Number of protein chains: 2
Amino acid sequence: MKIATYNVNGINARLPVLLQWLKEAVPDIVCLQELKAPQERFPLKEINDAGYQAIWNGQKSWNGVAILSKDLEITEVQRALPGNTEDLQSRYIEAIIDEMVICCLYLPNGNPYPGPKFDYKLDWLKRFKRRTNKLIKMELPAVLIGDFNIIPEPRDVYKPERWENDALFRTEVRKVYRELLNKGWVDSIRTLYPDDTVYTFWDYLYKAYDRNAGIRLDHILLSPYLHSGLQSGGVDSHVRGWTKSSDHAPVWIQLEK
Amino acid sequence: MKIATYNVNGINARLPVLLQWLKEAVPDIVCLQELKAPQERFPLKEINDAGYQAIWNGQKSWNGVAILSKDLEITEVQRALPGNTEDLQSRYIEAIIDEMVICCLYLPNGNPYPGPKFDYKLDWLKRFKRRTNKLIKMELPAVLIGDFNIIPEPRDVYKPERWENDALFRTEVRKVYRELLNKGWVDSIRTLYPDDTVYTFWDYLYKAYDRNAGIRLDHILLSPYLHSGLQSGGVDSHVRGWTKSSDHAPVWIQLEK
DNA sequence: GCTGTACACG
DNA sequence: CGTGTACAGC
């Protein structure tokens with residue numbers, strides 16, 4: 001079972017690249033972020049033609065998340081992060097696939113720090129922690145997957161000293177990430193590559209990809225009950241080098257039961 | 001000597017198609033319209049690399065005309081239509097190439113009719129007539145070439161009855177076109193194809209190209225002294241079917257001295 | 001830089 | 001529909 005996440009930065013602009021990558025990587029489950037399309041402009045036909053079913057939570061201009069599945073049935077269970085009915089941003093969708101809870105998320109960026117956007121990120125994280133604690137308590141096999149907009153550690157950014165006051169690297173958000181791990185969630189890519197530099201995002205500006213000036217933002221966290229099934233994983237960083245690519249690269253794991 | 005005109009509708013957006021067509025058609029002289037680029041954003045390097053020299057009259061957002069030459073020297077003689085120093089629209093450039101006067105023009109569209117834009121078109125035509133009469137009197141070998149935004153006759157539009165009040169087909173502008181012919185200018189494409197339907201433009205909307213719902217707007221008029229040299233000519237209408245094509249197709253003639 | 005938005009023009 | 005413009009967000 002191959003599970004992947006890809007922040008596409010505009011699903012319609014990214015469609016050729018996305019379809020090419022799907023054909024090459026053949027994931028069983030894919031979580032997408034930053035669709036940047038309203039519900040009715042999700043390219044369902046093309047996704048279906050590529051062999052995938054999909055559920056999605058669209059939004060005009062910004063955000064938007066989707067879960068794709070090749071063969072296994074998708075049962076949607078949440079299309080918003082519980083705890084704030086006034087939050088209208090499409091950043092969360094949760095489904096059961098093959099008896100696993102798949103939590104696809106696009107965490108707020110939170111810049112500039114300090115400010116209301118950073119406060120919104122902290123509030124979102126608080127609600128997210130509540131949801132993930134619940135999943136742990138229910139002892140469900142679950143995957144937290146997507147663009148966390150959190151750089152977990154200094155080694156996950158090419159120049160940590162420049163990022164001290166960036167919302168992606170602020171101590172407050174890294175603390176929440178550590179708390180998730182302390183609760184038993186497993187950072188699958190870091191577990192597979194304990195000593196390597198791993199990036200999942202390279203800015204469009206200043207030839208960041210050519211200079212490998214990257215950061216690690218996209219994560220796949222496994223509930224304790226799934227940890228033993230983790231076989232392999234990686235970042236398809238070559239996709240970042242394709243023409244008309246997203247600024248993120250796809251991240252994937254192989255999971256056996 | 002192959003002379004061509006092509007309304008590119010944005011030279012930077014059209015660059016791959018333009019270069020492909022240049023490679024395939026190998027014209028000696030090319031007149032371009034609707035560059036839609038300021039003077040400093042003309043892609044001279046790419047044009048040079050394709051084997052062409054160029055002079056151009058750019059403008060931010062709108063209009064813009066250029067003359068390209070493969071081997072023959074270009075001597076610019078006008079970069080505006082004389083007669084109105086307050087006209088700031090880049091719609092005319094004139095050069096001597098191989099002892100011929102090449103008048104590259106992008107006539108105002110003139111819609112909606114009636115209105116100030118139509119009046120501007122009529123004023124532009126008045127000044128154009130003065131310029132062309134002068135060329136006739138000087139007995140110079142000259143070519144009036146470009147996007148005239150004039151449908152000369154009913155058979156030059158797929159549904160003439162729908163175009164009666166369109167500025168491209170109004171009697172006032174067709175009258176001026178006829179006056180040019182009466183002065184001795186030769187409509188080379190119509191002369192070569194006296195009985196055929198010939199279109200040079202198909203709207204992007206409503207699949208106009210697929211339905212062949214076209215109009216003839218782009219013309220190559222020869223001064224009397226060049227008429228006898230006219231060998232052949234045509235519309236490269238297949239180019240209109242390429243992906244990312246202009247809404248106009250290139251038009252060309254073969255001229256021998 | 002590369003998304004998306006909205007608008008003007010044809 | 002497909003150019004161009006300007007702007008916001010990241």
Side-chain angles (χ1 to χ4, degrees), chain A residues 7-15 17-18 32-38 41 58-64 89-91 106-113 115 117-118 120-121 147 149 163 166-168 201-211 213 215 217 240 242-248, chain B residues 7-15 17-18 32-38 41 58-64 89-91 106-113 115 117-118 120-121 147 149 163 166-168 201-211 213 215 217 240 242-248:
Chain A
N7 178 320
V8 290
N9 188 17
I11 189 155
N12 286 299
R14 203 66 56 227
L15 205 50
V17 161
L18 174 62
L32 302 177
Q33 302 86 38
E34 282 208 81
L35 303 180
K36 287 185 170 179
R41 292 209 49 213
Q59 182 179 335
K60 184 171 162 175
S61 306
W62 311 115
N63 313 313
Q89 300 191 25
S90 296
R91 296 179 170 278
Y106 172 51
L107 237 138
N109 175 293
N111 277 306
Y113 166 84
K117 293 193 175 186
F118 190 72
Y120 171 65
K121 183 175 194 169
D147 177 358
N149 268 318
W163 289 75
D166 192 286
L168 308 184
F201 169 95
W202 295 262
D203 206 300
Y204 284 128
L205 290 83
Y206 318 121
K207 298 186 187 293
Y209 181 66
D210 297 342
R211 296 185 296 122
I215 53 184
L217 290 182
R240 179 61 181 84
W242 292 356
T243 46
K244 296 226 86 197
S245 90
S246 169
D247 39 6
H248 294 250
Chain B
N7 177 320
V8 290
N9 188 17
I11 189 155
N12 286 299
R14 204 66 56 228
L15 204 50
V17 161
L18 174 63
L32 302 177
Q33 303 85 36
E34 281 208 82
L35 304 180
K36 286 186 170 180
R41 292 209 49 213
Q59 183 180 334
K60 182 171 161 174
S61 307
W62 310 117
N63 313 313
Q89 300 190 26
S90 296
R91 295 179 170 280
Y106 172 52
L107 237 138
N109 175 294
N111 277 306
Y113 167 84
K117 292 192 175 185
F118 189 74
Y120 171 65
K121 183 175 194 169
D147 178 359
N149 269 318
W163 289 75
D166 192 287
L168 308 184
F201 169 96
W202 296 261
D203 207 300
Y204 284 127
L205 290 83
Y206 318 120
K207 301 188 185 292
Y209 182 66
D210 297 342
R211 296 184 296 121
I215 53 183
L217 291 183
R240 178 62 181 83
W242 293 354
T243 47
K244 297 226 87 199
S245 90
S246 170
D247 38 7
H248 294 250

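Just so it is clear: chains get the letters A, B, ... in the order the sequence lines come, proteins before strands, and each one is counted from 1. What you see is a predicted model, and the numbers here were worked out from it, not measured in a lab.
In this structure, the side chain to side chain donor-acceptor pair (under 3.5 Å) partners of B:Asn109, at least two apart in sequence or on a different chain, are B:Asn111. Among residues two or more places apart in sequence or in another chain, the side chain to side chain donor-acceptor pair (under 3.5 Å) test is passed with B:Tyr113 by B:Arg170. Judged as a side chain to side chain contact (heavy atoms under 4.5 Å, CB included), and not counting sequence neighbours, the contacts of B:Ala213 are B:Tyr158, B:Ala208, B:Arg211. Applying the side chain to side chain donor-acceptor pair (under 3.5 Å) test to B:Asn7 and every residue at least two apart in sequence or in another chain returns B:Glu34, B:Asp147, B:His248. With sequence neighbours left out, A:Trp62 forms a ring pair (Phe, Tyr, Trp, His ring centres under 6.0 Å) with no residue at all.
You can see that DNA chain C meets the heavy atoms of chain A within a 4.0 Å-exclusive cut from C:dG1 to C:dA6, reading 5' to 3'.
Looking at B:Gln33 and B:Asn63, their side chains never come closer than 4.5 Å, going by heavy atoms from C-beta outward.
Rounded to a whole Å, the CH2 atom of B:Trp202 is 16 Å from the P atom of D:dG2.
Note: B:Tyr204 OH to B:Asn9 CG = 4.5 Å, rounded to the nearest 0.5 Å.
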Mark up nucleotides 3-10 of chain D, 5' to 3', with B wherever a protein heavy atom is under 4.0 angstrom from a base atom, S wherever such an atom reaches only the sugar-phosphate, and - elsewhere. BSSS-BSS
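At least one donor-acceptor pair closer than 3.5 Å links the side chain of A:Arg240 to the backbone N or O of A:Trp202.
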